[in-house]
Amino acid sequence: MRGALGYLLVSIACAVIGQVLLKQGMREMGPVTLSLPGLPGLILRLATSPWVVVGMSLYLGGSLFWLTALSRIELSLAYPFAGLNYVLIVIASYLLFGESLNPMRVIGVLLIALGVSLVARSA
């Protein structure tokens with residue numbers, strides 16, 4: 001379990017950092033709309049945004065660590081750890097982007113953290 005936990009934590013870190021970078025890239029890009037005629041231009045803009053490219057690369061790299069963890073432990077044990085993504089994303093969004101934190105969001109995040117903790121202790 002200890003080795004798999006390391007893989008899970010690296011996967012989570014890559015996912016969270018990747019999402020933060022993707023958000024920064026999209027903040028710089030501004031609102032986008034999906035449409036068939038505009039799709040080639042949008043893909044080009046995404047492919048040439050350093051924030052988006054690095055964010056997607058980290059997200060993909062994190063997937064390799066996730067798959068490695070899955071090869072070592074049960075999915076029903078590993079998957080709840082993905083809940084840490086939500087906890088860390090809420091914190092990062094608040095600190096880096098000034099996104100709002102209301103009491104319901106904080107309570108929800110605390111419940112997720114409690115759930116992950118309970119699952120981890122069940123191993």
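Not a single donor-acceptor pair under 3.5 Å links the side chain of S117 to the backbone N or O of A113. Side-chain atoms of T48 come within 3.5 Å of backbone N or O of L44 as a donor-acceptor pair.
Of all non-hydrogen atoms in F97 and V20, the two that sit nearest each other are CZ-O, 3.6 Å. Between R105 and S100, the shortest heavy-atom distance links the atoms NH1-O, 2.9 Å. Minimum heavy-atom separation, L75 to P80: O-CD, 4.1 Å. For L77 against S122, the heavy-atom pair with the smallest separation is CD1-OG, 4.4 Å. Here the shortest heavy-atom pairing between V53 and A47 reads CG2-O, 3.3 Å. Heavy-atom minimum distance, A4 versus A69: O-CB, 3.9 Å.
Note that CZ of F65 and CD1 of I12 are 12.5 Å apart. Values are rounded to the nearest 0.5 Å. Here the straight-line distance linking atom OG1 of T33 with atom CG of L42 works out to 9.0 Å at 0.5 Å rounding. Put simply, CG on L8 and CD1 on I73 are 4.5 Å apart, with the number rounded to the nearest 0.5 Å. Interatomic distance, CD1 of I107 versus CG of L114, reported as 13.0 Å (0.5 Å rounding).
Within 6.0 Å of the OH atom in Y94, the count of heavy atoms belonging to other residues, nucleotides or ligands does not exceed 12. For M56, the CE atom is loosely surrounded, since the number of other residues' heavy atoms within 6.0 Å does not exceed 12. By the neighbour-count criterion of 12 heavy atoms within 6.0 Å, atom CG of L39 is densely surrounded, having more than that number from other residues, nucleotides or ligands.
In the hydrophobic clustering of this structure, L58 does not group with L22; members are Ile, Leu, Val, Met, Phe, Trp, Tyr whose side-chain heavy atoms approach within less than 4.5 Å, directly or through other members. Note: the hydrophobic cluster containing L9 does not contain L64 (ILVMFWY, side chain heavy atoms under 4.5 Å, direct or indirect links). Under a hydrophobic-cluster definition in which Ile, Leu, Val, Met, Phe, Trp and Tyr are linked whenever side-chain heavy atoms come within less than 4.5 Å, directly or via other members, L101 and L111 are assigned to different clusters. If you chain together hydrophobic residues whose side chains sit under 4.5 Å apart, V109 and L95 fall into the same group. Using a 4.5 Å cut-off between side-chain heavy atoms of Ile, Leu, Val, Met, Phe, Trp and Tyr, with links allowed through other members, L5 and L70 fall into the same hydrophobic cluster.
When side chains are defined from C-beta on, L110 counts as touching V106, because their heavy atoms get closer than 4.5 Å.
Results of the side-chain contact (heavy atoms from CB on, under 4.5 Å) test with S93 over I91, L96, I89 single out I89 as the only residue that passes.
Legend: side chain to side chain donor-acceptor pair (under 3.5 Å) pairs involving residues 58-78, not counting sequence neighbours: none detected. Each side chain to side chain donor-acceptor pair (under 3.5 Å) pair with one or both residues in residues 3-31, not counting sequence neighbours, appears once here: Q24-E28, E28-W51.
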Do V90 and E99 pass the side chain to side chain contact (heavy atoms under 4.5 Å, CB included) test, and can you show the C-alpha distance, the side-chain angles, and the key distance before you say yes or no?
-> CA-CA 8 Å; V90 167; E99 293 184 8; over 6 Å; no
